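Remarks on the structure that follows.
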Amino acid sequence: MEYKKNDIVEVDITDIGKDGEGIGKHEGYTLFVKDAVIGDRVRVKIMKAKKNYAYAHLEEVTRPSEKRAKPACAIARACGGCQIQELRYEDQLIYKQKKVFEDLVRIGEFEEGFISKIMEPIVGMDSPFRYRGKAQFPIGRDSNGKPVAGFYAGRTHSIIKTDDCVIGVEENKDILKRMLSHMEKYDIAPYDEATGKGLVRHVLIRKGFDSSEIMVCIVINGDKIPYDKELVESLRKIEGMTSVSLSHNKANTNVIMGEKITHLWGDGVIHDTIYRRDVHNGFARFDKGIRYSISPLSFYQVNPEQTEKLYSIALDYADLTGNESVWDLYCGIGTISLFLAGQAKQVYGVEIVPQAIDDAKANACANGINNAEFFVGKAEEVLPAYYSKEAGGNDSMKHPDVIVVDPPRKGCDEECLSTMLKMKPDRIVYVSCDPATLSRDLKYLVSGGYELKKVRPVDMFPHSVHVETVVLLSHE
Ligand code: SAH
């Protein structure tokens, strides 16, 4: 059968693709169907036909899968934020576990039986909603010209209006309402990407889950917001409000935040505390935790509950006794480094963004931690420099006991990996946000003499297709 655009076919969905779409085969021809769930029988319309496969639009679910869940959010399909809200949460976890497993086998070239033996079950959330401590709402206009807040539709820049997001905090709704009514009252225009005119671009909201402190940062295409005192008065009525600031972004760009921040009220930061959890005892919290101060521009993990579990697993895998020297590469604001510092002799953090290193140093100081040292630079440059001693490194830097890495999606640079092999730490703990590049890097490290010991996925972003993984390697 020849397939072409606008053909209607009925198909059983038998698999899930990498963007969460359903995959079905119609007489051997593969169909990718957004919003279809594994186990569904669906009627679809072909949108784009290639020789062996097509992208198709979901017309109707003719027989729903038992894995289907009623989405908690009314705009789940249109919004680009969540891709798999219509899949039951327990099946989301199965899907993510399988994704990591399959990448390790296919890309990492590990034996299936071996991975089954060492891989631990994914760590999910008990309640996978309202977990995000950070939200950035674009501001635009509806068809009547009224200012609205919302989210971008998947892969586009058109705003889908919403006054709430089920993975964000409850307070978002009230904050947006007050913001929009202030804009209406004083006729303040939303920014228009097409013309570069208008003032209000985004509203960034952050909440510290432990402190309950809330920050609002309004991103504007200008210097001032009219009647700002009245806006601050209104926002301050929200319980927990700690800081209101402006971020000035006058550039015609996709980058949300501008570099300059003006404080309208408060000192521009909120706090949050991350506690260690007992990975061998149902992730119960213990210890006094580490307190971080977070500014509008700081990178900070968005799901604090799962972050505690993720870092605690990494710490458990590092197996520190207090005598070790540890490198923490791609350290951001030092979140993992400061966790490690409590149980190591000395920690060295490396991060490419200078402001993040400033935050890391300030956070170390505020928590009374003096055995963590931080370096600005690329991991693949800083590490070799200290290994060769050209930067004046000492022996504990050259031959650390443990190296922790937490790279962005593209994984580690080969220069970084090869230096790690030369340094021969007893253990390597790899925290990854992309199972494909993780698998590629593991293959390299294993061929260089390391043994894969443990693998544990963590669900940091329920309802999205993303999955985080912690891995332990040790020297043979
Ligand atoms: N471990 C931190 C941050 C992880 S995100 C945390 O859990 O919060 C990855 C970090 O790597 C980012 O902060 C990014 O700025 C940094 N980064 C990206 N490329 C880098 C490189 N080549 N060398 C060092 N750091 C890098």
Side-chain angles (χ1 to χ4, degrees), residues 123 132-134 206 208-209 255 257 259 271-277 289-315 317-318 326-341 344 347-364 367 369 372-387 391 402-420 428-434 437-438 441 456 458-461 466-471:
V123 182
R132 272 188 82 102
K134 174 185 171 187
R206 270 182 153 159
F209 278 33
V255 178
M257 303 290 286
E259 274 168 28
H271 299 90
D272 199 22
T273 303
I274 297 207
Y275 298 86
R276 272 194 289 147
R277 292 181 180 236
I290 293 177
R291 192 162 183 261
Y292 297 92
S293 66
I294 306 156
S295 69
L297 293 172
S298 309
F299 174 89
Y300 187 69
Q301 297 278 0
V302 298
N303 182 339
E305 181 184 335
Q306 294 300 89
T307 298
E308 292 189 349
K309 297 176 187 169
L310 181 81
Y311 290 176
S312 298
I313 295 168
L315 190 62
Y317 284 3
V326 185
W327 280 97
D328 177 24
L329 308 178
Y330 313 86
C331 70
I333 61 167
T335 26
I336 298 180
S337 319
L338 300 185
F339 239 59
L340 296 163
V347 176
Y348 306 104
V350 182
E351 161 63 43
I352 198 168
V353 176
Q355 294 90 325
I357 289 292
D358 292 342
D359 286 348
K361 288 178 180 166
N363 286 326
N367 285 281
I369 293 169
E373 208 180 322
F374 294 97
F375 305 97
V376 179
K378 291 185 181 168
E380 59 271 25
E381 289 172 4
V382 174
L383 203 63
Y386 280 94
Y387 178 70
V402 179
I403 298 181
V404 178
V405 299
D406 182 10
R409 287 204 192 135
K410 67 173 197 237
C412 295
D413 191 276
E414 196 173 322
E415 186 65 32
C416 176
L417 294 174
S418 67
T419 310
M420 284 161 64
I428 296 172
V429 179
Y430 196 134
V431 181
S432 158
C433 53
D434 183 341
T437 58
L438 168 69
D441 290 352
R456 186 149 205 194
V458 178
D459 189 23
M460 298 282 276
F461 311 104
H466 302 293
V467 56
E468 202 92 5
T469 312
V470 194
V471 162

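Quick caveat, the model's predicted, so the values are computed rather than measured. Just so it is clear, the values below take in all heavy atoms, side chains as well, and ignore hydrogens, waters and symmetry mates. Counting starts at 1 for both ligands and their atoms, following the listed order.
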Note to self: Strictly distance-based, threshold 3.5 Å: is any side-chain N or O of Glu415 a donor or acceptor partner for the main-chain N or O of Glu380?
What the structure shows: no
Item checked: From CA spacing to verdict: side-chain contact (heavy atoms from CB on, under 4.5 Å), Asp406, Ile336 -> CA-CA 9 Å; Asp406 182 10; Ile336 298 180; 3.7 Å; yes
Notebook entry, point to check: If every non-hydrogen atom of His466 is compared with every non-hydrogen atom of Phe461, which pair is closest and at what distance?
Noted result: CB-CD1, 3.7 Å
Check: Residues in salt bridge (Lys or Arg N to Asp or Glu O under 4.0 Å) with Lys309, at least two apart?
Finding: Glu305
Notebook entry, point to check: Contact residues of ligand 1 with a heavy-atom cut-off of under 4.0 Å?
Noted result: Phe299, Gln301, Tyr311, Tyr330, Cys331, Gly332, Thr335, Ile336, Glu351, Ile352, Val353, Gly377, Lys378, Ala379, Glu380, Asp406, Pro408
Margin query: Side chains of Tyr311 and Thr335 only: does a donor on one sit below 3.5 Å from an acceptor on the other?
Written below: yes
Notebook entry, point to check: Hey, do the aromatic rings of Phe374 and Tyr348 have their centres closer than 6.0 Å?
Noted result: no
